[in-house]
Amino acid sequence: MALSRVGQRYLKIFPSGCKILSCYFSHTAPTESPYWHEIFKDKKIRAFDEIPTVGPVLEEYKNFKIHEAYQRWVLEVGHVVKELFPGDNCCIHIYHDEDFSMVYKNDGRFPLRKSHDVIARYRRDRPHLYNSVGLGAGMGAEWAHLRGMLPHGVGRTIYMPFRPQLEEVADDFINLVQSKLDENSEIEILPYLFRWAFESIGVITLNRRLDALSQVGSEEAENLIKAAHLTNEIIFLANVGDSEKQSYRLIAPQDYFSRIIMEYVADAALEPGSSLVNKLVKEGCDYKDITTLILDLFQGAISTVPLTLTWALYQVSRHPEMQERARKELMKMMPSKDTRFYDTTLEMEKQTLRIADSIRYTRAIIAETLRLCPPAIGNGRIISKDLVLGGYMVPAGNMVVLQSQAACRLEEYFERPLEFIPDRYIDREKYYQKGMVDSPFGIGIRSCIGRAFANAQMNLAFSKILRNFEVSYHHEEVGVINRLHNEPDRPVLFRLKPIPQ
C-alpha cells in the first residue's frame, strides 16, 4: 500500500528535519526539463500577476461544495490557479506533482500554514489555559515545541502497547452496531463510528474507557462529538467568511470541549499508568502543553477515520466482488469471528508482519478510498521563499494549497482515475501511476501527527466490520459535502447481514 511505503520512507524525518525530505525529493524529482516548459515554449518564468485568476466564490464555500470548484479549476484553468478573496487576499492552488515537490522540499525547519485562525484567537485569549495555539494553528518555534513532544507522532511506541484494549473497543463497537440494526437490518453507521473513534483515542491518551459505546449511550460523549464537529465547521467557514461571527460561534462548543477534556487529562495525570498523558508527565512536559496536545488529538481523531471508513464501506457496498475478496482474505487470518485480529501471543514485530501479509487487499481498499475521497482536500503552506510553481514566480508569504484530492482524479497520474480500483495499490505495473500526489496525510515534518494510529485503526475496524457483516446499500446515491472534511451529503443507511461463524 502506497501510504505505508511512503510513511516508512519518512519515518526518520523527524530527528533531522528537512534534510532527509530534500534528499528524498532529489531522487524522485524529474531529471528532464520542468513540465511547464511544454506549456510555455519560450521557457520564460511568468510574473505572479499573470497567474490565471478565479473568484471570489464564497457561495461554494457556504454550500460546502468548494471541492467541486477545486476539481473544475484544474480542468478549466490549469495546474496553477490564483483564487481571489474579498479584501485583496488570495490563495494559490497547485495540482502538479512537480510543484508539490517544490513546496515540500522548501518547507524548512518550521513549515508554515494558515488555518485554524479562530482556534488560535480562542486560545490566545485564554493564556491561563494555553501556552500556545496548538498543532493546527501553530507557527514557527511555538508549533515545533508542541510537535516535538511527540517527535514520531502517535506511532508505534504509543499505540502498539494498547492493541488488546483497542481491539476490545472495536469488538464493543461491532456488538453495539449489531444490537442497533433496524427491522431491515439497516443502520446509519457513521454516528457509531464517531463514538468508536472517541472511545479509542481515550484509551491511548488517557488509558480510560469513556462509555461512548455503552448500549444506552453517553450524553457527555455525544455532546463532545457534536462540539468537535461544530468546531470543524466553524474553522472551515472562518477561513472564507466573517471571522468575528465564527469566533463568537466557537466559544460555546470550545468552552465545553476543552473543559471536559481537560478534566479527563487532570484525572489521567494523577493515575499511574502507561497512557500518553502519563508518558508526557513523566517526561516533564508542561501541563498546559499536555492539555493542548491532547485536545488537538481528540479533535483530529473524532472525524477523519470514521469518515474514511464510511466512504470505504460505501464503495465496497457498490462492489460486492471486492468485499468478498477482502473477506476471504480476512477469514484466513481470522477463521472464526472470535479469532483475534491482534495475536498477542506473538511479539509485536511478528504481529505487524502477520497483519501486513494477511490483509493486503483490505489495505488496498482503504488506500483507494483515501485516493478518491480523503479526509481533507489537500495540504496548505505559507511558502517561506520565492518559488517557481508551474512557470509562475510565487513570492514568499503567499498561501499555497496542494490540491491532492483533485490531482488524484487526473488521468496524468492514475489510469481510469474516477474508477474505484484497489488493485492499483497491489499491481503497480499493471495500473499506470506516477508522481506522489496521493498523500492524504501530508509529507514531511508537518504531516499528520496521527497518521500511524489512523492507518492502524482503519485496518482494525474495517477488517472487523467485513469479517462480521456483509455490507450492502439500497438507497439513493451519496454525494459529498466539505466542512473541513469530506462528509456524506445525507445519512448513509447500510444493510448489514451478519456472517455465520
Report the C-alpha separation of M322 and Y361 in whole Å, then their side-chain angles, then the decisive distance to 0.1 Å, and conclude whether the side-chain contact (heavy atoms from CB on, under 4.5 Å) test is met.
CA-CA 9 Å; M322 296 180 185; Y361 194 67; 3.2 Å; yes
Rounded distance (nearest 0.5 Å) linking atom CZ of F420 with atom CZ of R371
8.5 Å
Among side-chain atoms of D438 and Y425, is any donor-acceptor pair under 3.5 angstrom?
yes
Taking atom types as modelled, find out whether S200 and Q457 have a side-chain donor-acceptor pair closer than 3.5 angstrom.
yes
Euclidean distance, L460 CG relative to N455 CG, rounded to 0.5 Å
12.5 Å
Determine, using ring centers only, whether H485 and F236 are less than 6.0 Å apart.
no
Just by distance, no angles: are the side chains of D117 and N239 close enough, under 3.5 Å, to form a donor-acceptor pair?
no
Y248, OH: over 12 other non-hydrogen atoms inside 6.0 angstrom
no
For the atom pair CG (D242) and CZ (R249), what is the distance rounded to the nearest 0.5 Å?
11.0 Å
So how far is it from Q299 CD to L135 CG, rounded to the nearest 0.5 Å?
12.0 Å
S358/E329 under side-chain hydrogen bond (donor to acceptor under 3.5 Å, both in side chains): CA gap, chis, key distance, verdict
CA-CA 7 Å; S358 300; E329 178 184 71; over 6 Å; no
Verdict with supporting geometry, V394 and V388, side-chain contact (heavy atoms from CB on, under 4.5 Å)
CA-CA 6 Å; V394 181; V388 176; over 6 Å; no
Verify the neighbour count for atom NZ of K44: are there more than 12 heavy atoms of other residues, nucleotides or ligands below 6.0 Å?
no
Between E419 and R424 (salt bridge meaning N to carboxylate O under 4.0 Å), is one present in this structure?
no
I'd like to know if R72 pairs up with E60 as an ion pair, taking the criterion as any Lys NZ or Arg NE/NH1/NH2 lying under 4.0 Å from an Asp or Glu carboxylate oxygen.
yes
Any salt bridge linking D296 with R123? Criterion: basic side-chain nitrogen under 4.0 Å from a carboxylate oxygen.
yes
Evaluate whether atom CG of D42 has more than 12 neighbouring non-hydrogen atoms of other residues, nucleotides or ligands under 6.0 angstrom away.
yes
Where M399 and I382 come nearest, the two heavy atoms and their spacing:
SD-CG1, 4.0 Å
Looking at CG of L484 and CG of L237, how far apart are the two atoms once the value is rounded to the nearest 0.5 Å?
10.0 Å
Quick one about Q405 and N486 (side-chain donor to acceptor, distance below 3.5 Å, no hydrogens or angles considered), yes or no?
yes
Can a donor-acceptor pair be found, under 3.5 Å and without considering hydrogens, that links the side chain of Y70 to the backbone of G378?
no
Within 45° cone and under 6.0 Å: R483 NZ/CZ vs F64 ring:
yes
Side-chain donor or acceptor of R126 paired with backbone N/O of Y122 under 3.5 Å:
yes
Will you find, in the side chains of H67 and Q403, an N or O donor that is under 3.5 Å from an N or O acceptor?
no
Charged N to carboxylate O under 4.0 angstrom, K279 versus E283?
yes
Can you list everything that forms a side chain to side chain contact (heavy atoms under 4.5 Å, CB included) with D99? Sequence neighbours excluded, please.
Y35, V80, I94, H96, L389
Of all heavy-atom pairs between Q246 and I234, which one has the smallest distance, and what is that distance?
O-CG2, 3.3 Å
Once ring-ring contact (aromatic ring centres under 6.0 Å, His included) is applied, what residue pairs with a partner in residues 128-150 remain, sequence neighbours excluded?
none
Does the pair R381 and D107 meet the rule for a salt bridge (charged side-chain N to carboxylate O under 4.0 Å, His left out), with working shown?
CA-CA 8 Å; R381 290 289 188 270; D107 257 349; 2.9 Å; yes
Taking only Lys NZ, Arg NE, NH1 and NH2, and the carboxylate oxygens of Asp or Glu, determine whether E411 and R416 approach each other closer than 4.0 Å.
no
Please find out if less than 6.0 Å separates the ring center of F298 from that of F198.
yes
Please tell me whether N482 and Y61 have a donor and an acceptor in their side chains that are separated by less than 3.5 angstrom.
no
Quick check: do L295 and M262 have side-chain heavy atoms less than 4.5 Å from each other?
yes
